[in-house]
Novice: 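Shown below is the structure under consideration.
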Amino acid sequence: MTEEKKIPYKIYLEESEMPRQWYNVRADMKDKPAPLLNPKTLQPMTFEELQPVFCDELVRQELDDTTAYFDIPQEILDFYKMYRPSPLVRAYCLEKELDTPAKIYYKFEGNNTSGSHKLNSAIAQAYYAKQQGLKGVTTETGAGQWGTALSMACAYLGLDCEVYMVKCSYEQKPFRREVMRTYGANVTPSPSEKTQVGRDILAKYPGTSGSLGCAISEAVEAASVKEGYRYVLGSVLNQVMLHQSIIGLETKAALDKYDIKPDIIIGCAGGGSNLGGLISPFVGEMLRGEADYQLIAVEPKSCPSLTRGKFAYDYCDTGMVCPLAKMYTLGSGFIPSSSHAGGLRYHGMSPTLSKLFDDKYMEARSVEQTSVFAAAQQFAKVEGILPAPESSHAIRVAIDEAMKCKETGEEKTIVFGLTGTGYFDMMSYAKFNDGIMSDYIPSDEDLAKGFASLPGIDL
Ligand SMILES: *Cc1c(COP(=O)(O)O)cnc(C)c1O
């Protein structure tokens with residue numbers, strides 16, 4: 001007990017202890033994730049084929065599954081210093097509230113204006129675009145966190161930023177939109193009339209509130225028709241998980257400082273970037289046979305890619321213009337209900353996380369929205385931070401696991417990723433507070449419609 005008191009509420013790292021390299025977990029995977037495929041030839045995407053879409057250095061990172069460590073360029077390290085290291089917090093107050101013997105820690109990524117971990121990759125992607133002498137980048141955003149993060153990074157580096165924002169979020173989250181515009185981004189609700197793919201989708205599904213997959217198609221098209229532009233993506237891709245490994249590397253460094261060994265590591269999973277980044281160094285140890293952890297991905301019951309999806313090649317976007325990825329997916333034709341956890345509405349999942357899940361290195365749980373908000377409120381009351389709905393999926397399962405420890409008396413150490421703050425999600429909190437929030441769970445028939453859109457490639 002006295003031993004334990006030595007651990008401070010917040011474990012910070014000195015500047016000299018900060019990671020200076022990103023870690024690429026694929027280097028340690030004996031069975032590599034399946035490659036991205038060209039949708040026309042069904043052959044693995046080559047550097048030359050990806051080059052018109054992404055910046056050169058990012059293509060290199062995307063395709064590299066043998067280099068374990070990548071140096072973080074000095075300019076990115078300097079930018080990281082403005083808001084990193086993010087604190088690893090010992091949730092003493094939550095432990096007390098739950099009266100659990102479990103020790104709970106969370107890595108808090110909400111301490112920057114974008115309000116989430118997404119800035120970690122946004123600054124890296126914008127940096128490489130700038131290095132290549134490009135004029136600007138295009139992207140999609142769901143709930144708005146990625147668009148905000150990218151707008152900040154582009155403003156800092158003097159790049160033009162065009163954001164296609166899923167229409168329901170554009171309407172429900174005017175403040176997010178305005179933060180992006182304040183940072184100089186050009187924001188368009190998607191589907192829009194600006195692109196061919198947007199016009200096609202509007203014709204087919206008039207009145208649709210949009211989806212991430214559809215906004216991706218628009219952003220890719222916009223980048224391909226404009227000279228000096230490339231497309232950037234905030235999740236799912238290998239390069240994004242690589243940049244987000246900063247979360248896990250810092251977490252591990254902070255835990256190691258106090259000789260803490262986690263038993264359970266939990267993260268919410270939309271496209272898998274924060275969870276992938278958080279668990280990367282720990283999975284690395286598992287892959288090399290050095291340690292063992294229980295890793296848990298948490299997703300909404302309304303968009304259950306890992307828990308009810310299929311592990312198959314699929315399109316990354318509704319417009320089917322992107323490469324095919326082998327991943328756990330609900331089908332690119334799956335349009336989720338306008339659930340409030342906007343950032344977790346994607347139909348697929350990072351191919352690397354999908355592979356790790358399929359190989360049983362990780363488990364997955366799906367949780368209902370109202371129980372997620374109940375956990376968010378319980379957490380906010382004692383830990384002081386108003387969490388993002390996405391992050392609160394991880395809180396839900398962290399609390400569930402801590403309560404199991406209370407029953408069994410086990411003193412497990414639980415670490416979870418608190419990806420962001422929820423200040424722009426107050427309409428959802430309002431619904432919860434008014435008791436009018438509903439739990440939408442797709443039926444098997446609903447899912448069958450999404451699966452019908454799978455290309456049916458068995459490789
Ligand atoms: C985008 C987002 C997520 C989900 O994205 P991943 O790529 O799965 O990490 C989770 N939490 C917050 C706060 C987000 O903005």
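When a ligand or atom number is given, it counts from 1 through the structure's own listing order.
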Novice: How are the rings of Y429 and F373 set to each other: parallel, tilted or perpendicular (split at 30° and 60°)?
Specialist: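 Y429 and F373: perpendicular rings.
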Novice: Report, in ascending order of atom number, the atoms of ligand 1 lying under 4.0 Å from any heavy atom of L344.
Specialist: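 Reading through ligand 1 atom by atom, the close ones are 4 (C).
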Novice: Tell me whether the NZ or CZ atom of K326 lies within the 45° cone about the ring axis of F311 and under 6.0 Å from its centre.
Specialist: yes
Novice: I need the contact type for H117 against ligand 1. Using non-hydrogen atoms and a strict under-4.0 Å cut-off, is it side chain, backbone, both or neither?
Specialist: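 Side chain only.
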Novice: Is G270 in polar range of ligand 1, meaning some N or O pair under 3.5 Å apart?
Specialist: yes
Novice: Between Y293 and K261, is there a cation-pi geometry (under 6.0 Å to ring centre, at most 45° from the normal)?
Specialist: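 Judged by the rule (NZ or CZ under 6.0 Å from the ring centre, within 45° of its axis), K261 counts as positioned above Y293.
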Novice: Could you tell me, atom by atom, which parts of ligand 1 come under 4.0 Å of a heavy atom of A269?
Specialist: 8 (O)
Novice: For E140 and W146, which heavy atoms make the closest approach, and how far apart are they?
Specialist: O-CD1, 3.0 Å
Novice: Please determine whether a side-chain nitrogen of the Lys or Arg among E178 and K173 lies less than 4.0 Å from a carboxylate oxygen of the Asp or Glu.
Specialist: no
Novice: If you measure from atom 1 (C) of ligand 1 to every heavy atom of E109, K118, E299, which option wins on shortest distance?
Specialist: K118
Novice: Would you check the N or O atoms of G272, main chain and side chain alike, for any that come under 3.5 Å of an N or O of ligand 1?
Specialist: yes
Novice: I264: what forms a side chain to side chain contact (heavy atoms under 4.5 Å, CB included) with it, not counting sequence neighbours?
Specialist: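 Side chain to side chain contact (heavy atoms under 4.5 Å, CB included) check on I264 returns I266, Q294, I296, E401, K412, I414.
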Novice: Which ligand 1 atoms, with their elements, are less than 4.0 angstrom from a heavy-atom of S116?
Specialist: 13 (C), 15 (O)
Novice: Give the atoms of ligand 1, by number and element, whose distance to some non-hydrogen atom of S235 is under 4.0 Å.
Specialist: 6 (P), 7 (O)
Novice: Mind checking side chain to side chain donor-acceptor pair (under 3.5 Å) for Y315 and listing every partner two or more places apart, or none if nothing turns up?
Specialist: none
Novice: Less than 3.5 Å between some nitrogen or oxygen of S273 and one of ligand 1, yes or no?
Specialist: yes
